[in-house]
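Have a look at the structure below, then the notes.
Here is the naming used below: chain letters follow the sequence lines, and residue numbers restart at 1 for every chain.
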Number of protein chains: 2
Amino acid sequence: MSADLPSSALELRSTLTDDGVVTMRIRETEVAAPTDDQVVVRVEAAPINPSDLGMMLAGGDADAALPAGDGVHDAVAVPVTEAAVAAQRARLGKPMPIGNEGGGVVVAAGSSPAAQALLGKTVGFLSGNAYAQYRTLHSSQCLAMADGTDPADAAAAFVNPLTALGMVETMRAEGHSALIHTVGASNLGLMLNRICLDDGVGLVNIVRKPEHVEQLRALGAEHIVDSSADTFLDDLTAALRATGATIAFDAIGGGDLAGILLSHMEKVASAQAGEFSRYGSDTHKQVYIYGGLDRGPTTLRRDFGMSWGLGGWLLTPFLIKIGQEAADRLRQRVADEITTTFASTYGTRLSLADAVDPEHVKRYARMATGDKALVTPNA
Amino acid sequence: MSADLPSSALELRSTLTDDGVVTMRIRETEVAAPTDDQVVVRVEAAPINPSDLGMMLAGGDADAALPAGDGVHDAVAVPVTEAAVAAQRARLGKPMPIGNEGGGVVVAAGSSPAAQALLGKTVGFLSGNAYAQYRTLHSSQCLAMADGTDPADAAAAFVNPLTALGMVETMRAEGHSALIHTVGASNLGLMLNRICLDDGVGLVNIVRKPEHVEQLRALGAEHIVDSSADTFLDDLTAALRATGATIAFDAIGGGDLAGILLSHMEKVASAQAGEFSRYGSDTHKQVYIYGGLDRGPTTLRRDFGMSWGLGGWLLTPFLIKIGQEAADRLRQRVADEITTTFASTYGTRLSLADAVDPEHVKRYARMATGDKALVTPNA
């Protein structure tokens, strides 16, 4: 192990209290020396994904964020409704670690061959506590990148890449041949577009702004549907007919989009079925909600027959379900293509202090497409 | 075959026209002589199930039903909205057969052993055109009852019995150990209650009136929750905790009930999980919508983590999925227990003329629990 490992370093934690406030605070934490199977990563970058915000902000109103530093360390306080507090009793008063994933350089390693093999390497890692200057991790939590990889490029090697690959794997496993993605211009959407182009899989990209149509078109996407256009439903129907997509992955969650997708998949399927059935077509139509950009209720008009499913989709259970070998195959593809297929772009870079600055919190909590934030804890 | 088979007899058909009217009409139809594998059933009784109403009334407003007879045969006309007409283009102008199932006596049979074995027997049958005086059917569409069975008792041997058995089979196949049913006091609900008591399966019966609590209690049901009570949500939580039910079958469809069930299944599961996860518990919670007593939209607040599914459930695909042998086993249980476990009760008996009488149409279209109608075409 390295001699110049600090004994302590800074990290971010998020604490919800029963007075209806969640506080994100910088604090000192011990840097544990690695055991045999562990490594210590100097964290250079960690993205703020939509999936991080739930733990960071506890569903609070980021627009009402206020400074809450104690004069030693910076902090930010955000109000949380009583109902949201009640739904999160299990975390009350506990300083929760935050940051699902990050990238950095292995600066110390235990004696095991797997740990030693990582020493000096740039790695991406999945840890749930990535907003920190140093992290002591099991070697299996790290994905080694090719020499010369920028740690910032390795920072988002798990959540979005494996989710995008998982969508295509799920599509195949459940017997569909093409898919719909409801946030086509997101970082994840751009990855999915590249995967589908490489693998020859039909993809209907739904975007919410005209400029995103152009962006995806320039990236080679064939089927792009703008939900803000007057022609949305006709465009959607045409894209579904062209691709035969019968499964959708939806990051929006709230509103009527999931129902609209089921309804229009059914419309295409029943037109092809010919004979009338009062139960709709036999074609199974599936929507998986994997995010909640719209936290409002999901409304289904149920005008899509009886062969349909709606459900939650989450990365970890998916990886467990497919098993270690299949998961390793997906991880290796991510490492091999980290600067191409799985490249992320960021709208802003934040120090730990920036990450708890109320103005920055307001901005990244909006999760605007193209404006993802990257935390750089050692910057 | 029998010498006294009539050459023609009466039947009901339902025709939707693009002027926004659906007409149910009595008409003469040929009684086809049976081929080798066929039998002719003199239909004594056929239930009006909720699943029949879609084809009969095409989603029209039964409260506006008007007589539409032509002086020879009776008929009833019901207005249908433009949107509903548009969704049913494939049936426009076609006189659709109606009546999923019925019961009667086999009065003629083809030469095959299977057909001959049914001659003179009381049978239940599944045909999609049961509202008729005679039906020529393949022998495999019939389920022979024990000698002495009243044809009225055999009339509802398929839809409700196999659906109730299918719910328990689905529960087991998908790894759940107890279930919820949202119309506990319906004919189907009473069957399901008897199945679960016999098989030792935990069942949460949801009912919508206090008197249904008493009715089910008298029938031995242990967990009965009245959704009209102020204590509904607490009662539901207690019943879910007691049974461990993580799958529900919902005949209502519209409104917030499906979401409430998912939410409270999650509440019980996450309380048992202990550790906080922002994605909710790992327990998969499932709701299947198999009916649409409330045709309004389904609203989900999504306060139930990420391990959940909602979908349509339909008998025919289920029977295909489990295969012939398993389906035959379920059918034989129905025949063996047709006057006990699978007994139905009816609020009214209707001749074919009654079935197209506007006042009767208004009544049976309400689908009130305990007021199911039985059509008796030869009465």
* **Worked check of side-chain contact (heavy atoms from CB on, under 4.5 Å) between B:Leu300 and A:Leu310** => CA-CA 11 Å; B:Leu300 306 172; A:Leu310 176 70; 3.7 Å; yes
Under 4.5 Å from a heavy atom of chain A, the part of [X] involved:
| X | answer |
| --- | --- |
| B:Arg91 | both |
| B:Ser307 | neither |
| B:Thr316 | neither |
| B:Ile289 | both |
| B:Gln88 | both |

* To do: Look at atom CG of A:Asp282 and say whether more than 12 heavy atoms of other residues, nucleotides or ligands are closer to it than 6.0 Å.
  =>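 Counting neighbours around CG of A:Asp282, 12 or fewer heavy atoms of other residues, nucleotides or ligands fall under 6.0 Å, so no.
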* Please list, in residue-number order, every residue in residues 245-261 of chain B that has a heavy atom less than 4.5 Å from any heavy atom of chain A; write 'none' if there are none. =>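 Expected list: B:Ile252, B:Gly253, B:Gly254.
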* Check whether any side-chain N or O of B:Arg302 sits under 3.5 Å from a backbone N or O of A:Gly296 as a donor-acceptor pair, and report yes or no. =>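 Between the backbone of A:Gly296 and the side chain of B:Arg302 there is a qualifying donor-acceptor contact (under 3.5 Å).
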* Going through the distances and angles, do A:Tyr279 and B:Leu315 end up as a side-chain contact (heavy atoms from CB on, under 4.5 Å)? -> CA-CA 11 Å; A:Tyr279 298 123; B:Leu315 179 59; over 6 Å; no
* A:Arg25: what forms a side chain to side chain contact (heavy atoms under 4.5 Å, CB included) with it, not counting sequence neighbours? -> A:Thr23, A:Asp70, A:Ala75
* Structure fact -> Output for pair (A:Met306 CE, B:Ser51 OG), nearest 0.5 Å, gives 9.5 Å
